[in-house]
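All values below were derived from every heavy atom in this structure, side-chain atoms included, with hydrogens, water molecules and symmetry-related copies excluded. Residue numbers count from 1 along this sequence.
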Amino acid sequence: MIRALYAALLRMHPPAFRRQFAAEVLWIFDQSRASEGAFVLLLDLLISVARQWLVRSGLWKVMLALTGATLQVIAFGA
């Protein structure tokens, strides 16, 4: 059951990532589940999903620009 959940969450990755890495990631999950623990692996997968969508979408550029603008306003005023 936990493997099915992991596989479902793996499908949340962008298609290009899934095509290239899905089989290997599932294999690593099967090999590491006993030593690492399923919860840690699920958490790592969720972080990976967020990171892949953020990087591949280009949203990181917008977030970086907003952070820079916020810091400027804080440092130098409006």
Side-chain angles (χ1 to χ4, degrees):
M1 175 152 168
I2 198 76
R3 188 180 196 278
L5 174 61
Y6 193 85
L9 291 174
L10 184 59
R11 285 191 289 276
M12 293 174 63
H13 276 85
F17 180 91
R18 286 194 320 261
R19 279 190 298 275
Q20 188 170 359
F21 299 112
E24 184 177 354
V25 168
L26 276 174
W27 179 82
I28 291 169
F29 174 78
D30 291 335
Q31 299 299 312
S32 302
R33 185 171 53 180
S35 63
E36 298 295 325
F39 178 75
V40 171
L41 295 169
L42 287 170
L43 182 60
D44 181 63
L45 183 68
L46 289 173
I47 292 169
S48 175
V49 167
R51 184 176 53 239
Q52 287 296 321
W53 280 107
L54 185 68
V55 169
R56 292 179 188 267
S57 71
L59 187 58
W60 67 272
K61 295 175 188 175
V62 173
M63 293 180 75
L64 184 62
L66 288 173
T67 301
T70 301
L71 291 173
Q72 283 181 337
V73 168
I74 291 170
F76 305 111

List the atom pairs, with distances to 0.1 Å, where a side-chain N or O of residues 42-51 and a protein N or O form a donor-acceptor pair under 3.5 Å, not counting sequence neighbours.
residue	atom	partner	partner atom	Å
Ser48	OG	His13	NE2	2.8

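Side-chain atoms of Val25 and Ile28, non-hydrogen and from C-beta on, never get closer than 4.5 Å to each other.
Note: the hydrophobic cluster containing Leu5 also contains Leu10 (ILVMFWY, side chain heavy atoms under 4.5 Å, direct or indirect links). In the hydrophobic clustering of ILVMFWY residues, with side-chain heavy atoms under 4.5 Å counting as a link, Leu9 and Leu26 come out together.
With sequence neighbours excluded, the residues forming a side chain to side chain donor-acceptor pair (under 3.5 Å) with Arg3 are Asp30, listed by chain and number.
Expressed to the nearest 0.5 Å, how far OG1 of Thr70 lies from CE of Met63 amounts to 10.5 Å.
Within the structure, side-chain hydrogen bond (donor to acceptor under 3.5 Å, both in side chains) pairs that include any residue of residues 20-29 do not occur (at least two apart or interchain).
In terms of heavy atoms, Ile2 sits closest to Ala38 at CG1-CB, 3.8 Å.
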